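This report concerns only the one structure given below.
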2 protein chains.
Amino acid sequence: MVNEISNTEEKIVKAAIVVFVKKGYDGTRMQEIADEASINKSLLHYYFRSKEKLFEKVFANVFSEVIKSITQVIEASSTIEELLESFVSTYINLLKTKPYLPNFVLHEINRKPSVMVDMINSKGENKIRLIKLLSQEGERNDIREFDPIQIIVDVLGMSIFPFIAAPIIKGFIFEGDEDTFNNFIKERAKHIINFVKSAIFINSD
Amino acid sequence: MVNEISNTEEKIVKAAIVVFVKKGYDGTRMQEIADEASINKSLLHYYFRSKEKLFEKVFANVFSEVIKSITQVIEASSTIEELLESFVSTYINLLKTKPYLPNFVLHEINRKPSVMVDMINSKGENKIRLIKLLSQEGERNDIREFDPIQIIVDVLGMSIFPFIAAPIIKGFIFEGDEDTFNNFIKERAKHIINFVKSAIFINSD
DNA sequence: GTCTATAACCGGATAGAC
DNA sequence: GTCTATCCGGTTATAGAC
C-alpha cells in the first residue's frame, strides 16, 4: 500500500498533539512527547527531524480538523436559524471533548503569525458561501439590521470564550464548583441560540 | 520614605510586563527583559532572584490592574443599561491599548492553575454586587428571562474574543486588510451594546 | 548597586551500535 | 527502526571585582 503510516509515526503524532495542545510550543519538551508515546526520544528526530517540523504537522492536523467540522455545518445549512443552531451545537460539542483547543490555536498563532495565516488562508473557500447566506437572508423583513460580520464574531466569541476562560469562570464566578460549571456549559448552546435569535429576529417571542 | 522603589526595579518590572505579556512565560528570555529595560541581565536576579519570582510580580500587577478597572465600572453603575454601556466601552478601550493582555492571562492561567486561582479569588468582593444588580433588575417586566451568568459570559466573550482572535479574524475574514479590521474594532463596542439590548429588552426598537 | 565572567543545567539534536 | 551515549548551544543563575 502507498500512504501507509507506521505505527510508531502515528503514535508520535497522537502524543505530540496531546502535549503541544496542552503546553504550547515553548512549554513542550521532546522528552515529554516521547514519554506520552512510550517510545525513545531519538525516534522523534528519526521521523520528524526537528521539534519545529513535528509542531507544524501537529498544528496543521488540529487546525484542519476544526475547519472541516465547521465547513460541514456551513454547507449543510440553508437558513440562518439552521446555521446558527447547528453551528453552535456542533462547535460547543467539539469543544467539550477538546477544551484546550482554542487556547492552543490562538496562542500559537501569535507566535508566528505569518506561517499560520498562510495555512489558514489555504482553507478559505467556504467563507464566501457563508457571507452569501447571511446577506441573502438579510433581505428578510423579520430581521434587525446588524453587520453580518459582527454577528459572526458574536457567535464565535460566545461559543469559544467559555472554554478559553474556563479556569477564570470556574474559579471566579462559580467559586471552584465543578458541577455548577459543567451545568453552565451544558446549558450554553441552548442559551446562545435563544439569545442570538431574540437579538436578531423581530417578534421572536 | 518607606515603600520607595528604586528606579532600576521599576524599569525591570515595566520591561518584564512588556516581554512576558507578549511572549508568555516559556517564550520569554531574561536577556530580552534586560535589553528592554536597558540594564544588565544579572540585575534581574539581584532584584528578583529568579525568573519565576519576577513573573509572579508581573502577573499580579497586570491582573490587579484589570480587576481594578472592572470593579470601578461595576461600582459606578446602577442599572443594567448603564452597566452594559460603560463596561463594554471601557473594557474595549482598555483592550485597544493592550491587545495582548487577554491572551496572556488566559494562557498563563492554564500553566499553573492553582497559584493563579488563589490570586484571583483574593479579589472577588465586587462579584456579589454584580449578581445583586442583575437579579434585582431581573424583576423589571421589560426584560426577557435569561440566566444572568450566561449574559455576563456573553458580554465578556463578545468583548474579549475579537482581541484574542485578532490574527484569525484579520487574516480569515478581512483577508489581511488592516483598515477594515480597525474599523470593525471601532464599531465593536457600539454593536455589542445594541446587540445585547435587543436581545434582553422586550420592545427595544 | 552594577558589571564581567562563568558555573550549572537543560533540552534539542546527532553519532553510531545493534 | 530502535536504542544508548553524547554533543552542543542556549538560558538561568551565581561568584566576585569594582
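In what follows, chains are A, B, ... by sequence order, proteins preceding strands, each numbered from 1. Note that the structure is predicted; figures quoted are calculated from it, not measured.
- The residue from B/K57, B/E56, B/M30 that alone fulfils the side-chain contact (heavy atoms from CB on, under 4.5 Å) condition with B/F48 is B/K57.
- B/H107 and A/H107 have parallel rings, their planes meeting at less than 30° on a 0 to 90° scale where 60° marks the start of perpendicular.
- One interatomic measurement links the two molecules: CG of B/D26 to P of D/dG10, which rounds to 19 Å at whole-angstrom precision.
- As rounded to whole Å, 16 Å separates atom C1' of C/dG1 from atom CD of B/E10.
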What string of B, S and - do you get for nucleotides 2-18 of chain C, 5' to 3', if B is base contact, S is sugar-phosphate-only contact and - is no contact with any protein heavy atom under 4.0 Å?
BBB------SBBB----

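- Residues passing the salt bridge (charged side-chain N to carboxylate O under 4.0 Å, His left out) test with A/E32 are A/K23, sequence neighbours excluded.
- Rounding to whole angstrom units, CZ of residue B/F48 and P of C/dG1 are separated by 12 Å.
- The side-chain hydrogen bond (donor to acceptor under 3.5 Å, both in side chains) check on B/N61 picks up nothing, with sequence neighbours excluded.
- With respect to the salt-bridge test (charged N to carboxylate O, under 4.0 angstrom), the residues B/E65 and B/K68 do not qualify.
- Rounded to an integer number of Å, the gap from B/K53 NZ to D/dT12 C1' is 15 Å.
- A/E108 has a carboxylate O that lies under 4.0 Å from a charged side-chain N of A/R111, or vice versa, which qualifies the two as a salt bridge.
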